[in-house]
Amino acid sequence: EGKVFVGGVPFSFTAADLEREMANFGQVLSAKIEMDRSTGRSKGFGFVEFADAADAAGAVGSVEMGGRKVDVKMAKKSARYLADAGREAGAKISVFTTRPDTLFGATYVVLSPEHPLVESVTTPENLQAVKDYATKASLKSDLERTELQKDKSGVFTGGFAINPLTKEEVPIWIADYVLNSYGTGAIMAVPAHDPRDHEFAKKFDLPIREVVQGGKDVQEEAFTGDGPLVNSANAEVDLNGKPVLEAKAVAIAFLEANGVGNSKVNFRLRDWLFSRQRYWGEPFPISFLEDGTAVTVPYEDLPVKLPDMKSYQPSGTTEGPLSTATDWVNYELADGRKVRRETNTMPQWAGSSWYYLRFLDPDNIGAPIDPAVEKYWMPVDLYLGGAEHAVLHLLYARFWHKVLYDAGVVHTKEPFQKLVNQGLILGPVEHTVFKDESGRMVSAEEVSEGLEGPMEKKTKVSLVAHKVMETEVVKKANDFVLVADPKVRVVSRAVKMSKSKGNVVNPDDVISTAGADALRLYLMFMGPLEQVKPWNTNGVEGVLRFLNRAWRLVTGNAKIPLVDTPADKEQLKVLHTAIKRVTQDTERLGFNTAIAAMMEFVNAAYKWKELPREVAEPFVKLLNPYAPHLAEELWEALGHPASICDAPWPECDESLLVADSLTVAVQVNGKVRATVEVGVDAGKDEVLALVESNPLVQKWIEGKEIKKRIYVAGKICNLVVV
């Protein structure tokens, strides 16, 4: 009668900590933290027995413990507690997982904030925090909640679920990295073998249990590879020792046999809102008879075209603007029947989902595309788009194409041969420092950023975030620190551009100061095409300097005259090295490294006394796709009236790239003392003669006996002297 259940205990708490906190209510006879047997870590709840039942009753309610609210209830005979509505109703949480083999390693459950069971599994004292979190999550896009979210967030509901294999109670959290639109909107979290779950578990101090061997310490890093299973057996099923694929099959068979799970193929698909109440869009070729029967528009009346309208404003009813065009909406069929057109429109996906086909044969009025034309051009070689296209245009285009394949319109099952997703351009990096009420600065590694705002990890004191200028920080290793106090690390992060954050960079502003070519070039030079990259205005200035140097070089303003004399061997080598690199990098979409190759060419050319025309013109051709406005002007300045776009792309002469000599490092007693240039065909005796006659080497061997001469052809020579 004097025993209470304490739920939501900080995972760092020991039994002694729990006893100390609960002693505020009366004499404690015993305190126990429930521990995970396989990991030895706390499960986040425990039991306390008081000497007096009245003291136990007085402790019931919401209690502050270790900087968080915990839930104290009179212990039931089962010595377990779950959120009332969830447990007592026997509610089941369905999860979708691609890793049923890791079910023994599921140490907590996460629901999406929109999940229908959230309210029923949440304890009363946690309900407000859960609701507040769900509201904040609803303001984020799916992309912000998943790909763009670097710092995991979540709230404990106070409820627990039972793992069907271990029979252990695991805490139920809500977190916005779980989407209600994917799977069932709930996951079994296996932090030892899923990076996102691992991040979450580390942040909120949740148990991490290894069930697949083969990686590093799972307490530090999630292992997602194959290996034998461990810690994965009970009285009914044993997965230990089995590889992942075999363990999956055994786990699924067991779950199906026991009626707690089944194998299923799940498709990730956003709702396609195909019918819209707006003017702009493709009209549906559907009309309705007076009795409501839907009929298709006769073939001879296709295509249905949008009517000209004076106003595109909403109609004032549940119908779209087209409903106000009564002369267009109401008409008669050839047989005299009166019909009314569908006033909703398609969302323009009906056209854009197969535009790549219509572009090939736009004037064909008898078919979507001529079969011969389609067979010649299709499939598309490269689809270049952002990650947001993966569940929008790319997906819809593939749907459309597969229908057309089944209808015999196209000859390939897939429309696109290669997909490249370009990375998002984030806003400029923002630097943040944290201060307490006294103005004391707290280094970033000592700060936790949760739902209640930033606070110091050790003291749990609330902190205030302050933005600092870029001039106030300096890079130190992989982090930024304050210039004034290098011991204080700041939080430096870039986020998606948005008007609400005030970090939108207007390209028109960049063009007005640096020009379109500089903007274009910087966007390609920022980094690999596929990577997410932060904007940095200083980077535009760097590529603008390169373009200005290229202009001065070719026009002769760099005091290097343009000449019509033949280029020497070294100049041709520099040129054809650039041609090879720019060509190869451009073909593989490595734009940043192609630009770097052109920068290296310009740097080398500035050391020449003259710039041969036969070198300048190919360079301008290389520059053209990257800085077309500048290249066009340079081409005209070189005396060409026709556009550079009509000029052929330069070809690399590999024979000009073959080296005549090699640089060999020379060591004396293992330390590099000099380098010598030797012919590519030079033999050992010739190389040793050059080495020993080198003045820098003689300084270290003079008056000494050479005991050993070691030569690794074309690389290094080592003299051992005593």
Side-chain angles (χ1 to χ4, degrees), residues 8-15 32-46 93 95-111 146 150-154 156 160-173 175 177-178 183 186-255 258 260-261 263:
V9 176
F11 287 97
S12 59
F13 262 41
T14 64
K32 179 184 178 183
I33 297 284
E34 287 290 316
M35 307 299 287
D36 186 311
R37 284 181 300 229
S38 63
T39 65
R41 302 185 72 185
S42 165
K43 288 185 178 181
F45 63 91
I93 298 175
V95 302
F96 174 79
T97 179
T98 59
R99 295 295 304 273
D101 55 303
T102 62
L103 188 51
F104 279 96
T107 57
Y108 63 98
V109 168
V110 184
L111 305 181
T146 52
K150 302 303 181 185
D151 188 35
K152 294 290 179 288
S153 63
F156 178 47
F160 292 82
I162 299 173
N163 184 315
L165 293 188
T166 65
K167 305 304 180 185
E168 295 173 333
E169 293 177 357
V170 297
I172 303 172
W173 288 67
Y177 77 91
V178 177
I187 65 164
M188 57 170 224
V190 185
H193 305 291
D194 182 282
R196 293 191 306 171
D197 295 344
H198 191 278
E199 283 182 51
F200 194 88
K202 293 293 284 186
K203 179 169 182 177
F204 294 104
D205 197 24
L206 294 164
I208 300 174
R209 179 187 303 162
E210 181 180 41
V211 291
V212 181
Q213 283 186 331
K216 299 177 182 178
D217 181 4
V218 295
Q219 300 301 324
E220 301 301 325
E221 180 181 293
F223 174 59
T224 59
D226 197 356
L229 266 73
V230 294
N231 303 319
S232 300
N234 60 26
E236 299 172 285
V237 63
D238 186 353
L239 305 181
N240 287 335
K242 295 178 172 58
V244 168
L245 283 177
E246 184 182 345
K248 281 185 180 181
V250 174
I252 291 172
F254 174 80
L255 295 171
N258 288 272
V260 290
S263 178

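Computed from a prediction, not measured in an experiment: that's the story for all the values here.
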Query raised in the report: Roughly how far, to the nearest 0.5 Å, is CD of Q213 from CG of D226?
Result: 12.0 Å
Report summary line: Sequence neighbours excluded, the answer for ring pair (Phe, Tyr, Trp, His ring centres under 6.0 Å) partners of F223 is none
Report summary line: Closest heavy-atom pair, P207 versus T107, reported as atoms and distance to 0.1 Å, is O-OG1, 2.7 Å
Query raised in the report: Under the side chain to side chain donor-acceptor pair (under 3.5 Å) test, which residues partner D205, sequence neighbours left out?
Result: R41
Query raised in the report: What pairs with F156 under ring pair (Phe, Tyr, Trp, His ring centres under 6.0 Å), at least two apart in sequence or on another chain?
Result: F160, W173
Query - Donor-acceptor contact present, side-chain H193 to main-chain T102, <3.5 Å - result: no
Requested in this report: Check A186 against I93 and note the closest heavy-atom contact, atom names and distance.
Outcome: CB-CG2, 3.8 Å
Query - Heavy-atom closest pair, residues I33 and A15 - result: CG1-N, 3.7 Å
Report task. Measure across P191 and G105 and return the closest heavy-atom pair with its distance rounded to 0.1 Å. Result -> CD-O, 4.1 Å
Query raised in the report: Of all residues at least two apart in sequence or in a different chain, which pass the side chain to side chain donor-acceptor pair (under 3.5 Å) check with K203?
Result: D151
Query raised in the report: Mind checking whether K167 and N234 have side chains closer than 4.5 Å, heavy atoms only?
Result: no
Query raised in the report: Do side-chain atoms of Q219 reach the backbone of I208 as a donor and acceptor pair under 3.5 angstrom?
Result: yes
Requested in this report: Name all residues meeting the side chain to side chain donor-acceptor pair (under 3.5 Å) criterion together with T14; count only those two or more places apart in sequence or in a different chain, and write none if there are none.
Outcome: D17
Report summary line: Residue set satisfying side chain to side chain contact (heavy atoms under 4.5 Å, CB included) with A249, at least two apart, ordered chain then number -> none
Query raised in the report: Taking only residues two or more places apart in sequence, or in another chain, which ones meet S263 in a side chain to side chain contact (heavy atoms under 4.5 Å, CB included)?
Result: I252, E256
Query - Which atom of A222 lies closest to which atom of P195, heavy atoms considered - result: CB-N, 3.8 Å
Query - Residues L103, L255; criterion side-chain contact (heavy atoms from CB on, under 4.5 Å); working and verdict - result: CA-CA 11 Å; L103 188 51; L255 295 171; 4.0 Å; yes
Query raised in the report: With sequence neighbours excluded, what pairs up with A175 under the side chain to side chain contact (heavy atoms under 4.5 Å, CB included) test?
Result: V110, Y133, Y177, F200
Query raised in the report: What residues form a salt bridge (charged side-chain N to carboxylate O under 4.0 Å, His left out) with D101, not counting sequence neighbours?
Result: R99
**Report entry** Side-chain donor or acceptor of D194 paired with backbone N/O of V190 under 3.5 Å
**Finding:** no
Query raised in the report: F104 pairs by side chain to side chain contact (heavy atoms under 4.5 Å, CB included) with which of V212, L239, L229, N163?
Result: L239
Query raised in the report: Would you say the side-chain atoms of R209 pair up with the backbone N or O of A192, donor to acceptor, closer than 3.5 Å?
Result: no
Requested in this report: Would you check, one step at a time, whether the test side-chain contact (heavy atoms from CB on, under 4.5 Å) holds for F254 with L165?
Outcome: CA-CA 10 Å; F254 174 80; L165 293 188; 3.2 Å; yes
Query raised in the report: Hey, is NZ on K202 packed in by over 12 heavy atoms from elsewhere, all under 6.0 Å?
Result: yes
Report task. Indicate the atoms forming the closest heavy-atom contact of L206 with P171, along with that distance. Result -> CD2-CG, 4.2 Å
Report task. Check for a donor-acceptor pair, side chain of Y108 on one end and backbone N or O of D197 on the other, with a separation under 3.5 Å. Result -> yes
Report task. Can you tell me which residue pairs pass the side chain to side chain donor-acceptor pair (under 3.5 Å) test with a partner in residues 241-255, sequence neighbours excluded? Result -> none
Report summary line: Output for pair (K32 NZ, F45 CZ), nearest 0.5 Å, gives 9.5 Å
Query raised in the report: Excluding sequence neighbours, so at least two apart, what forms side chain to side chain contact (heavy atoms under 4.5 Å, CB included) with E221?
Result: K216
Requested in this report: For R196, check side chain to side chain donor-acceptor pair (under 3.5 Å) against everything at least two apart and list the hits.
Outcome: none
Query raised in the report: Counting N and O atoms only, with roles assigned by atom type, does the side chain of N240 sit under 3.5 Å from a partner on the main chain of N231, one being a donor and the other an acceptor?
Result: yes
